[in-house]
Amino acid sequence: MPGDFATEILGQSATKSSVEALRSELGLDKHPIPRYFEWLSNVFQGDFGSSFSGRSKVQGDQGDRSRLVVELIIPRLKNTLFLTGVSALVAIPLALLLGISAALYRNSVYDRSATGFSLVTVSSPEFFTGYIFILLLATLFPVFPTIANVNEDTSLIDRFYLTALPVFTLTLVTMGHMMRMTRSAIINILSSEYIEMAKLSGASRYEVIVKHALPNAWAPIAQVITINLAYMLIGSVVVEFVFNYQGIGRLMVGSVYNRDIPVVQACALIFASTYVILNLLADLIGIISNPRLLYPK
Amino acid sequence: MTSNNKKELLLKMKNIHIDGFSDERWHKILKGVDLNLYRGEILGLIGESGAGKSTMGKAAMGYTQPGCKIIKGEIIFNGKDLAKLTEFEKRKIWGTKISYVAQSAAASFNPAHRLMEQTISAANRAKINPTDVLRKDAVQLYESLQLPDAENIGERYPHQVSGGQLQRIMTAMAMSPRPELIIFDEPTTALDVTTQVEVLSAMRSIVDKFNTAAIYITHDLAVVAQMADRIKVLRYGEEVEESETREMLSNPKEEYTKSLWSVRSLIKPEETNDDYMLSIKNIDAAYGSSKVLHDVSVNIPRGKTVAIVGESGSGKSTTARVITGLLPQTKGEIIFDGKKLSPKLEQRSKEELRRIQIIFQMPDTAMNPKQTVDEIIGRPIEFYHGVKGKERETKVIELLKMIELDETFLDRLPSELSGGQKQRICIARALAANPDLIICDEVTSALDQIVQEGILKLLQKLQKDLGVTYIFITHDIATVKAISDEIVVMYQGKVVEQGLKSKILNPPHPDYTELLLSSVPEMDPDWLTNLLNKRSS
């Protein structure tokens, strides 16, 4: 990223000395490596620092409106978690249901149309899907609002109503991937010898899929679900932008724009740890669902 | 065995035609085979792979594998034509009236469920008895199949018990609903001989006990001789002949049946010398922290064949890995042609690598499926001898002739070859390096008897012409008799004994060799009975 907070805030006409002064005030003139370790040790103590923006330009001014990064992020994070949580609650069961039923009736018209449609939704970018929803459900048939404008006082019911379109969008872009993966994980297993054995012992089609194939398919399914959860959380940047939703994604984009590094770092840290934690979770599910790993020989 | 006319007919299959779809066209798998089975009778179904015996066995249940279909024929089981029933109606018969025991127990149990749950699942589904009654009955079945810790073994998962135990548990699973017919589809093929004896006797006694009828499918004549009342021979989807077991063994009518019988008669005179091509001395080797070879010493005479025998887990393949340098030993040394070989592959010279070649058990996985025969055989020629162009091609064709194939094979991919041809290509690839020592790791185990014979004859011919030395790793005693000069018996990572073939195969034996040799099925219908009597006395 070219420039820093000082050059960004003071503009092109700023004198060299005023830029220098602001830099030294913010500590931007120090060597990056000690600065990194200082930040790291603060983070371990729970101190994410203060945001650069909103601070007073005059030293000692009583109107300093600079805020702690934590204060800034927490409400935004709550909003994002709400959005992805609701989307996940809609998308995951739906994807599993569709995936299992597509495997059950594979190569039927239902299977072909479900997998075909999911391919379309997976391939469309969020902003496109989002605008299609706006066109259909907000402009042509005004059922839901275009702007998901929530604040701390919005009631739960209103939140559901306001976030309906972003939830639809996130559901649609992630569900296809999960559904296809569930279907193919199960179908992969259907060629195993123990599936033929189950059939020959009189198991019905439903029993073969749900009792014999699915328990062995959890590991790959869990992987794809967690990847999509992480994608929802992080990919909500675009959706939040389209629907002007006050989530952490928008905050990060805005802070990058201002070169408000403490906020950017905190957001990046949250996104990165989300990935790590969710992947860990997927691995744990993989282990728990596999007796070969759970019980020693 | 009394006349069949007095018995009640259980299954009558008439004029069965089944087609299978592969390589983008339909093939005939079965071409009008008849089969009659009476209550309480065991019918042996034998033939090579591709004979259609497994398809026939499954068709007896009215089942065909995906990609296959019954074209015509009747399958009358208990008065009902299974070929005409719907899936739903057939499912009521499967697992309860007819059950199935598959070849690979390890792959046929669902890894996600406990064994007890799977054992009683069919009977449970049909609500034959309350679950706790079924569980108790299963424990009794486990006991009568001589499974260790019958009370608790059902609480384990499939990966927690051995292959032989799994195969017996699958028999218990088949028996749990007390079916009228059990299809055994090569149930002991994947087992060691010593385990096979236990499984065979357990299966035979339980089938006797409940007077269940069975179809026993196998390619091993000696095994079927122990199990079956009658034997039916299939080839290319047609019946060759059928008669009572004793009659069939003593007096086979058809040429083809006779050729099946004669395979095991291949015998080679033994020779040896004191000029060792390779000697390994006091080798220890380990995978990670588990030690698998303990103080192994073996001498391989120049130009001769040494067979290393033992059951799975005895360390025979590990010994091969140590010799090739794939697994460096932790102790001991390898002397090759008078010179010490370094344990690690990377530290051996190209010349040393060239002189020792290996042929693997599974030709399917040992060749790059995207390379043509020309590339597969040509690469070692280029790599070791630096020969290119026209000269390389002449050499490849020469090698193909040596393995009794010709230049029409040059452009073929491994997928366009039969199992025996693939193994021949693997042999040619090893020969291309012009080696002094070839390690053959179970090279005939995956092949049919008649194809096996061809490969073994080829290997012998090559030894005579080229003077190459073989280490022949196998668990099959018939192969050992056919090809070896000397035998090394291994057990649990140790060498039990080494010596001339005649010395090892004739008594007196150490205990383990005795157990191993006596477990090899013989073409005598009373062999198993006599063996069990002898062992229990």
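Because the structure is predicted, anything quoted here is derived from the model rather than measured. Just so we're on the same page: letters track the sequence lines, and every chain starts at 1.
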Minimum heavy-atom distance between A:L200 and B:W94, given as atom pair plus value = O-CB, 3.3 Å
Identify which part of B:Y63 has an atom lying under 4.5 Å from any heavy atom of chain A, answering side chain, backbone, both or neither.
-> side chain
Among A:A203, A:A213, A:P215, which residue forms the greatest number of heavy-atom pairs with chain B at distances under 4.5 Å?
-> A:A203
May I ask you to establish whether A:R205 and B:F88 are in a cation-pi arrangement, using a distance under 6.0 Å from NZ or CZ to the six-membered ring centre and at most 45° from the ring axis?
-> no
Pairwise side-chain contact, B:Y157 with A:R292, heavy-atom cut-off 4.5 Å (strictly under) = no
Would the number of heavy atoms belonging to other residues, nucleotides or ligands and lying under 6.0 Å from CG of A:L40 be above 12?
-> yes
Could you grab the distance from atom CD of B:E155 to atom OH of A:Y295, nearest 0.5 Å is fine?
-> 10.0 Å
Shortest non-hydrogen contact from B:H159 to A:P291?
-> CE1-O, 3.2 Å
A:Y206, OH: over 12 other non-hydrogen atoms inside 6.0 angstrom | no
Is it true that atom NZ of B:K291 has more than 12 heavy atoms of other residues, nucleotides or ligands lying nearer than 6.0 Å?
-> yes
A:L294 CG: over 12 foreign heavy atoms closer than 6.0 Å = yes
Are B:Q103 and A:E193 side-chain neighbours, meaning at least one heavy-atom pair lies under 4.5 Å?
-> no
Return yes when atom OH of A:Y105 has more than 12 non-hydrogen atoms of other residues, nucleotides or ligands closer than 6.0 Å, and no otherwise.
-> no
In this structure, are over 12 heavy atoms from other groups packed under 6.0 Å from A:Y36 atom OH?
-> no
Interface residue of largest heavy-atom contact number with chain B, from A:S191, A:A198, A:S201, under 4.5 Å = A:S201
Give a yes or no on whether A:F117 atom CZ has more than 12 heavy-atom contacts from other residues, nucleotides or ligands under 6.0 Å away.
-> no
Indicate yes or no: at least one non-hydrogen side-chain atom of A:M197 is less than 4.5 angstrom from one of B:Q118.
-> no
Is the gap between the ring centers of A:Y194 and B:F109 under 6.0 Å?
-> no
What do you reckon, is CZ of A:F241 surrounded by more than 12 foreign heavy atoms closer than 6.0 Å?
-> no
When rounded to the nearest 0.5 angstrom, what distance separates NZ in A:K211 from OG in B:S121?
-> 6.0 Å
Where on B:T96 is there a heavy atom nearer than 4.5 Å to chain A: the side chain, the backbone, both, or neither?
-> neither
Where on A:S204 is there a heavy atom nearer than 4.5 Å to chain B: the side chain, the backbone, both, or neither?
-> both
Report, by ascending residue number, the residues of residues 160-176 of chain A in heavy-atom contact with chain B at a distance under 4.5 Å; give 'none' if the set is empty.
-> none
Output the option from B:K90, B:M173, B:R156, B:H113 having the highest count of non-hydrogen pairs under 4.5 Å with chain A.
-> B:H113
